[in-house]
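Below you'll find the structure, written out as structure tokens, and then a few comments.
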Amino acid sequence: MAPAQRCSICRQTFFCGRGHVYSRKHQRQLKVALERLLPQVEAARKATRAAQVERYVPEHERCCWCLCCGCEVRKHLSHGNLTVLYGGLLEHLASPEHKKATNKFWWENKAEFQMKEKFLISPQDYARFKKSMVKSLDSYEEKEDEVIKEMAAQIREVEHSRQEVVRSVLEPQAVPDPEEGSSAPGQWKGTNSQVASASQQPSYLDLPPAPELDWMETGQPLTFIGHQDTPGVGNIHSGATPPWMVQDEEYSSGNQQIGPSYEEFLKEKEKQKLKKLPPDRVGANFDHSSSTGAGWLPSFGRVWNNGRRWQSRHQFKTEAAARNKHQQSHTYYCLL
Amino acid sequence: MKTSAAVTDSEDRYLCYFNMSFLLPKLSSKKEVDQAIKSTAEKVLVLRFGRDEDPVCLQLDDILSKTSSDLSKMATIYLVDVDQTPVYTHYFDISYIPSTVFFFNGQHMKVDYGSPDHTKFVGSFKTKQDFIDLIEVIYRGAMRGKLIVQSPIDPKNIPKYDLLYQDI
């Protein structure tokens, strides 16, 4: 019997040699797999003629599975900030190991011979790709430089307009005349509307003219008001009592007023909770504030059959006497 | 170098252009601050410790006043003068102004801004949105019972200063 062999295309183990390779199912699976791989290879082939360079994006970390070699291959080639599209894949496709693996794959799986060429990239193609890659890298760099120069020019423009605005505002300040003063706000408004929409209007004269751009570096330093360091007294870091919790003398009388109302409030809360319980539960109308005497449990003398009968009778008689006396005094009281 | 008279003149002249749509209430004594802390219920209490004329305080007050109406359901904001409440200035170890302290239901709320001091926010906020986000995070944290929350503000927008009280 032939050794067990696993076919990765059918994802099955066969025990009768590679005969299944000629079956329809295998050929169908093979076709599907190759069709999946073909578009990637075609895209890479297109890139040999016109290589594209782009800024690096984490998407460029994607890998492609090479069916013939049975390994994952980095699709795009990235270095630093830039990526060359399909660089990695092309490198792999042009390598001799891939050629050998492709040949082996084709022989083992009995795929169509004409299809094989499509999955290979010749070394000449690869050389052509490298040339076009160099060219596109250069042009990308040029473009980046242009963009940076444009941005710098824009920033310079904005800065300049801001300086103008501040200058025009500071000039009227030199003359403290009310008439001049009333015309200056008009000027201020006018220059404000002229300033480009990109800049924020400085609403306070005390602030530096470009507060947005370098807020952290040239922003106003914070006013220092002295070390709050009295050695005897504690502060928040040392865990002293907060000033609002410290009881002042005047507050002691005020506290008494707050006391009962807070307790009442808690009671109200409890009562509201009770309202949610079913109204006809056991003991719903139990009066919690009624006092209970010692004799609230019914007693028949001694309950357990422990001790002699006369002891139990004796106990019962004393209790009955006490109860009767108590009842008697009650009825006399009521009659009165 | 401007003289102080010229400065006040210019401020008077341009006062009408400062957007004081909501003039923030001020507290000027320890008792008033105590009262505010104890009586603000179910809302974040924001106390700005500083001086009204200080430029960074002005910037912060502008942000506070512009956002106070939007945040009226979540927060109440007061301005406190550090010179008039020395007890609080000392208790909160306020060495740089403006410093902003947050409370909820009489409890001091701490916020981790990425700076060494979690008990107060020193300096001004860069944008109104930063302040609004911070208030929202404090409110939500307080509603869940947290006494310290993580600040949502980008650390590079937090003003840097030297920590003085280092041996806690």
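Below, read A as the first sequence line, B as the second, and so on, with proteins coming before strands; counting in each chain starts at 1.
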Exercise. Could you walk me through whether A:Glu61 and A:Tyr56 pass the side-chain contact (heavy atoms from CB on, under 4.5 Å) check?
Worked result: CA-CA 9 Å; A:Glu61 294 281 324; A:Tyr56 177 76; 2.4 Å; yes
Exercise. Chain A heavy atoms under 4.5 Å from B:Phe49: which part of the residue, side chain, backbone, both or neither?
Worked result: neither
Exercise. Which one, B:Val87, B:Thr89, B:Asp83, leads in non-hydrogen pairs under 4.5 Å with chain A?
Worked result: B:Thr89
Exercise. Side chain, backbone, both or neither: which part of B:Val33 has a heavy atom under 4.5 Å from chain A?
Worked result: neither
Problem set entry | Under 4.5 Å from any heavy atom of chain A - which part of B:Ile37 | side chain
Problem set entry | Atom NZ of B:Lys146: over 12 foreign heavy atoms under 6.0 Å | no
Problem set entry | B:Phe102/B:His108 aromatic ring centres below 6.0 Å | no
Problem set entry | Distance in Å, A:Ile148 CD1 paired with A:Glu150 CD, rounded so as to fall on 0.5 Å steps | 11.0 Å
